[in-house]
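What you see is a predicted model, and the numbers here were worked out from it, not measured in a lab. Residue indices begin at 1 and follow the sequence shown.
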Amino acid sequence: MNQHLINSIMEAFQEIIPQDISIAISDCEQYFYYRPSNEIDLKIHPGDAIQAGTTTYQTLQTKQKTMSSIDKHVIGTTYFGISYPIYEDDQLSGCITFILPKKPNKFTVPFLIVHTIDRWLPIEFNDIMVLEADNRKTTVISKNLVGIHKFSLSELELHLPSDIFIRCHRSYIVNIHYIAEIRPDAHSTFLLIMKDGAKIPVSQSYASQFRKTLHF
């Protein structure tokens with residue numbers, strides 16, 4: 001991978017990615033980018049080999065998104081990692097890992113509060129069809145209204161119930177109960193036809209985990 005390009009991209013996203021999350025990017029053998037946070041620092045350096053048992057290692061082995069709590073004995077610090085495979089020309093070329101001090105808590109209420117033009121309204125989880133990335137926030141689309149939530153899509157992914165919602169693309173999370181059809185698309189990906197007729201892509205990075213989660 002082009003390290004200069006990766007560094008430029010990460011600099012552009014500094015304000016979007018919360019400062020309490022560390023970020024590590026690797027190829028298939030070693031790390032070449034690391035940004036520690038003010039909450040947790042795994043002391044990774046560019047050129048360090050990827051250690052067995054880490055979230056990055058798990059993703060490179062399975063070629064799927066991985067979310068896991070890692071014990072202290074693995075790399076010296078307890079952490080919660082979220083890793084995404086990186087593909088170039090349909091080939092696995094590396095991984096990006098987000099490192100948190102601990103696994104985030106789920107929402108304690110079964111709804112999201114969204115902002116509309118002149119007010120804030122609750123939308124129950126069961127009524128939400130699609131969540132779409134909207135800069136640093138998220139557009140929440142339900143059966144009856146559309147609103148904006150202050151969390152980013154990645155932040156919401158950590159808190160939403162995984163038995164209802166599934167990430168299918170860097171820009172989309174869908175409610176599985178509103179999927180009407182799953183159609184094959186180019187490059188081993190899929191196209192979701194939602195019950196309201198909307199078409200949502202499943203990207204290559206998420207396709208394998210999507211199939212695994214939905215058992216098809």
Between Arg35 and Ser37 (side chain of the first, backbone of the second, donor and acceptor by atom type, cut-off under 3.5 Å), is there such a pair? no
Shortest non-hydrogen contact from Lys137 to His149? CB-O, 3.2 Å
Report whether Val74 and Ile99 are members of the same hydrophobic cluster (ILVMFWY, side-chain heavy atoms less than 4.5 Å apart, transitive linking). yes
Between Thr213 (side chain) and Phe210 (backbone), is there a donor-acceptor pair under 3.5 Å? no
Tell me the closest heavy-atom pair linking Phe80 and Lys102, and the distance in Å. CB-C, 3.5 Å
Step through the shown structure and confirm whether more than 12 heavy atoms of other residues, nucleotides or ligands are within 6.0 Å of CD on Glu124. no
The test is side-chain contact (heavy atoms from CB on, under 4.5 Å); show your working for Val140 and Val146 and say whether it passes. CA-CA 6 Å; Val140 181; Val146 176; over 6 Å; no
How far apart are the closest heavy atoms of Ser22 and Ile40, and which atoms are they? OG-O, 2.6 Å
Starting from Ile128, can I reach Ile166 by hopping between I/L/V/M/F/W/Y residues whose side chains sit under 4.5 Å apart? no
Tyr31 with Ile70, same ILVMFWY side-chain cluster at under 4.5 Å: yes
Decide if the gap between the ring center of Phe216 and the ring center of Phe190 is smaller than 6.0 angstrom. yes
Quick one: does Lys195's side chain have a donor or acceptor within less than 3.5 Å of a partner on His177's backbone? yes
List the atom of Lys43, the atom of Asp48, and the distance in Å for their closest heavy-atom pair. O-OD2, 4.0 Å
Distance only, no hydrogens: is a donor on one side chain within 3.5 Å (strictly under) of an acceptor on the other, for Ser152 and Glu155? yes
Residue pair Leu192 / Val174, side-chain heavy-atom distance below 4.5 Å: yes
Val202 side chain near Leu191 side chain, heavy-atom distance below 4.5 Å: no
Might you point out which heavy atoms bring Tyr172 and Arg167 nearest each other, and give the distance in Å? O-CD, 3.4 Å
Check: Val114 and Ile148 side chains under 4.5 Å, non-hydrogen atoms: no
Can you tell me how far the CD1 atom of Ile96 sits from the CD1 atom of Ile82, to the nearest 0.5 Å? 11.0 Å
Any side-chain heavy atom of Thr77 sitting closer than 4.5 Å to one from Lys72? no
Connected via hydrophobic side-chain network under 4.5 Å: Ile44 and Leu100: no
What I'd like to find out is whether the side chain of Tyr84 reaches to under 4.5 Å of the side chain of Arg170, using heavy atoms alone. no
Rounded to the nearest 0.5 angstrom, the CD1-CG distance for Ile200 and Leu131 is 10.5 Å
Can you name the nearest heavy-atom pair linking Pro85 to Leu92, along with the distance? CB-CD1, 3.6 Å
For residues Leu42 and Ile23: do they belong to one hydrophobic cluster (side chain heavy atoms under 4.5 Å, members Ile, Leu, Val, Met, Phe, Trp, Tyr)? no
Min side-chain heavy-atom separation Leu160-Phe125 under 4.5 Å: yes
Tell me which one of Val109, Leu112, Ile113 satisfies side chain to side chain contact (heavy atoms under 4.5 Å, CB included) with Pro122. Ile113
Is Tyr178 reaching over with its side chain to a backbone N or O of Asn126, donor-acceptor style, under 3.5 angstrom? yes
Rounded to the nearest 0.5 Å, how far does SG of Cys95 lie from CD1 of Ile25? 9.5 Å
Without swapping roles, check the side chain of Ser26 against the backbone of Cys28 for a donor-acceptor pair under 3.5 Å. no
Do Tyr34 and Asp41 pair up side chain to side chain, a donor and an acceptor below 3.5 Å, judged on atom types alone? yes
Counting only N and O atoms by type, is there a donor-acceptor contact under 3.5 Å from the side chain of Thr59 to the main-chain atoms of Thr56? no
So, Glu132 versus Thr139: side-chain donor-acceptor pair below 3.5 Å or not? no
In Å and rounded to the nearest 0.5 Å, what is the OG1 to CD distance from Thr66 to Gln64? 7.0 Å
Value rounded to 0.5 Å, distance of OG1 in Thr62 from OH in Tyr57: 11.0 Å
Going by distance alone, is a donor N or O of one side chain under 3.5 Å from an acceptor N or O of the other, for Thr55 and Thr97? no
Taking C-beta and beyond as the side chain, do Met129 and Lys143 meet within less than 4.5 Å on heavy atoms? yes
If you round to the nearest 0.5 Å, how far is CG of Leu214 from CD1 of Ile179? 5.5 Å
Look only at the side chain of Glu29 and the backbone of Ile50, and say whether a donor-acceptor pair between them is shorter than 3.5 Å. no
Let's go through Leu153 and Ile173 carefully: what are the C-alpha distance in whole Å and the side-chain angles of both, what is the deciding distance for side-chain contact (heavy atoms from CB on, under 4.5 Å) to 0.1 Å, and is it a yes or a no? CA-CA 8 Å; Leu153 197 66; Ile173 293 174; 3.8 Å; yes
